[in-house]
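One structure is given here, and the rest of the page talks about it.
Bear in mind the structure is a predicted one, so any value in this text is a computation, not a measurement.
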Amino acid sequence: MKITRLPGALGAVVEGIDLAQTPGKAVIADLRHAWLEHLVLVFHDQPLPPAQFLAFAKLFGEVVEYPFLKGLDDFPLIVPVVKLEHETVNFGGLWHTDTTYQLRPPSATMLIAREVPPAGGDTLFANQYLAYEALPEPLQAELEELRSISSSAKADTTKTREDRIRERGKPAAEEYHADHPVVRTHPETGRKSLFINPAHTSRFVGQTVEESAPLLDFLFEHQVQPDFLARVQWRPGTLAIWDNRCTLHNPLNDYHGHRRVMHRVTLAGDIPV
C-alpha cells in the first residue's frame with residue numbers, strides 16, 4: 001500500500017489496495033491513521049457495487065441516514081448525488097461541512113464516482129486546522145468563547161437540494177437547527193479547527209444574523225484561502241473519504257450539459273466540543 005500526498009494543504013491518494021477484498025483490521029488501522037493525518041483519502045479504480053461500498057464504509061464507522069433524501073431502493077443508507085444534463089445547479093454546490101445543523105454531525109463522508117463528465121466536476125477541500133492556526137492569537141481566543149447556530153434552511157443551501165428533493169425527497173422533511181462551538185477540538189487528534197461553514201452557519205449564539213455577519217463573512221472568506229486548499233479529481237470508480245470535523249468541501253459546478261452520478265454514505269459523529 002502506497003500513500004502519496006495530494007498537491008496542496010491536505011489529502012492523499014492511496015494505491016496498491018483492492019477495496020473489493022475486505023481489508024483486515026491492521027490495514028484499516030493504517031488507513032485510519034493516514035486519514036487522520038491527511039484529512040482526505042482518495043482511492044482510484046475501485047468500482048465497488050453498492051453492497052461492497054457499504055461494507056467498506058462500515059469498517060470506518062456506523063453509517064447513518066441523510067435527513068433530506070431517500071437512499072437507493074435496495075440500499076437506503078446510500079444516497080445518490082446526481083446532476084443531470086439539463087440541470088444548472090449541483091447538489092451541495094457551495095462550501096460546506098456536511099449537516100452541521102444536526103446535534104451530532106457526521107464524522108466522515110464517503111463518496112464513490114459512478115458517472116463523471118468528460119471534464120470538470122472536481123471537488124475542492126479546505127483544511128480547517130490550518131484556517132484556525134493562521135488566525136491571530138487574540139482572535140483565536142475570542143472565537144473559542146463563541147458558539148454558532150447552524151440551520152438546514154439557509155437559502156443558498158436549499159437551492160442546491162431542490163431538484164433532488166423533488167425527485168427523491170423524504171416525506172415532510174423538517175428544518176434542522178443546532179448550535180456548536182466555533183472552534184472545535186477534534187476528538188481523535190486533539191487539534192483545534194474552525195467549525196463553521198458558509199452553507200449552514202447563520203449566526204453566533206446571543207447575536208442576530210445582522211450582528212454576526214461582519215465576523216462570519218470575514219471567517220467564511222478566510223477559511224477557504226488558497227493556502228488551505230486541495231483538489232480531488234474524479235473518474236469512474238474513484239472513492240474518497242473525508243473528515244467532516246476539520247474540513248470544508250465544495251463540488252465545482254463547471255460541467256453543464258453533462259451527467260455526474262455519485263453514491264454517498266455518511267458516518268455517525270459525536271457532539272462537537
Side-chain angles (χ1 to χ4, degrees), residues 1-7 10-32 34-35 38-66 69-85 87 90-93 98 106-125 164 167-168 230-244 247 249 251-255 257-267:
M1 189 166 65
K2 180 182 178 183
I3 298 174
T4 306
R5 289 186 58 180
L6 287 173
L10 70 165
V13 175
V14 182
E15 300 173 289
I17 184 172
D18 180 2
L19 300 181
Q21 307 298 317
T22 304
K25 290 183 179 180
V27 173
I28 291 297
D30 288 343
L31 289 175
R32 191 171 192 90
W35 175 58
H38 297 288
L39 287 58
V40 181
L41 292 185
V42 180
F43 306 80
H44 292 302
D45 304 317
Q46 305 286 341
L48 303 179
Q52 288 184 330
F53 177 46
L54 191 60
F56 176 66
K58 289 178 177 178
L59 295 176
F60 267 80
E62 177 191 359
V63 180
V64 294
E65 290 186 346
Y66 177 73
L69 299 180
K70 298 176 184 176
L72 300 175
D73 291 341
D74 294 333
F75 298 92
L77 294 177
I78 300 177
V79 174
V81 177
V82 180
K83 183 187 173 194
L84 301 176
E85 292 88 340
E87 294 175 329
N90 64 331
F91 181 86
D98 288 333
S107 61
T109 299
M110 196 176 289
L111 197 66
I112 190 169
R114 301 303 188 190
E115 298 181 50
V116 299
D122 298 350
T123 300
L124 299 178
F125 290 89
R164 297 285 73 81
E167 178 187 316
R168 300 191 65 86
R231 177 187 291 252
V232 169
Q233 296 180 311
W234 303 91
R235 55 187 190 239
T238 295
L239 183 152
I241 178 172
W242 61 87
D243 195 329
N244 277 301
T247 64
H249 60 281
L252 297 177
N253 189 20
D254 56 357
Y255 53 98
H258 298 282
R259 179 191 300 259
R260 183 177 184 266
V261 180
M262 320 289 275
H263 285 172
R264 170 182 131 166
V265 295
T266 52
L267 302 183

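Between W242 and H249, the two ring planes are tilted [angle within 30° to 60°].
Annotation: side chain of P50 is not in contact with side chain of D74 (no heavy-atom distance under 4.5 Å). Inter-residue side-chain proximity for F125 and D243 is flagged as unmet; no heavy-atom pair is nearer than 4.5 Å. A heavy-atom distance below 4.5 Å is not found between the side chains of Y255 and V116. In this structure the side chain of F60 reaches within 4.5 angstrom of the side chain of W35, judged on heavy atoms. Two residues are said to be in side-chain contact when any heavy atoms from C-beta on lie closer than 4.5 Å; H38 and L6 fail this criterion. Annotation: side chain of L77 is in contact with side chain of E65 (closest heavy-atom distance under 4.5 Å). Between Q233 and V42 the shortest side-chain heavy-atom distance does not fall below 4.5 Å. M262 has its side chain within reach of W234: a pair of non-hydrogen atoms, C-beta onward, lies under 4.5 Å apart.
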Going through the distances and angles, do M1 and V14 end up as a side chain to side chain contact (heavy atoms under 4.5 Å, CB included)? CA-CA 7 Å; M1 189 166 65; V14 182; 3.7 Å; yes
Worked check of side chain to side chain contact (heavy atoms under 4.5 Å, CB included) between V81 and L69: CA-CA 10 Å; V81 177; L69 299 180; over 6 Å; no
Could you walk me through whether V265 and K58 satisfy the side chain to side chain contact (heavy atoms under 4.5 Å, CB included) test, starting with their C-alpha distance in whole Å, then the side-chain angles of each, then the deciding distance to 0.1 Å, before giving a yes or no? CA-CA 10 Å; V265 295; K58 289 178 177 178; over 6 Å; no
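When all heavy atoms of I3 and A34 are compared, the closest pair comes out as CD1-CB, 3.5 Å. Contact between P7 and A230 at its shortest, heavy atoms only, is O-CB, 3.7 Å. Residues N244 and D98 share a closest heavy-atom pair of OD1-N, 3.4 Å.
In this structure, the separation between CG on L239 and CG on L48 is 6.5 Å, given to the nearest 0.5 Å. Note: L31 CG to F43 CZ = 5.0 Å, rounded to the nearest 0.5 Å. T266 OG1 to L111 CG: the interatomic distance, rounded to the nearest 0.5 Å, is 11.0 Å. Atom CZ of residue R264 and atom CE of residue M110 lie 12.5 Å apart, to the nearest 0.5 angstrom. Here the NZ atom belonging to K83 is positioned 9.5 Å from the CZ atom belonging to R260, to the nearest 0.5 angstrom. The distance from the CD1 atom of I241 to the CG atom of L39 is 11.5 Å, given to the nearest 0.5 Å.
N90 places a side-chain N or O within 3.5 Å of a backbone atom of P251 that can act as its donor or acceptor partner. Put simply, the side chain of D254 gets close to the backbone of G121: a donor and an acceptor are under 3.5 Å apart. At least one donor-acceptor pair under 3.5 Å links the side chain of Q46 to the backbone N or O of I17.
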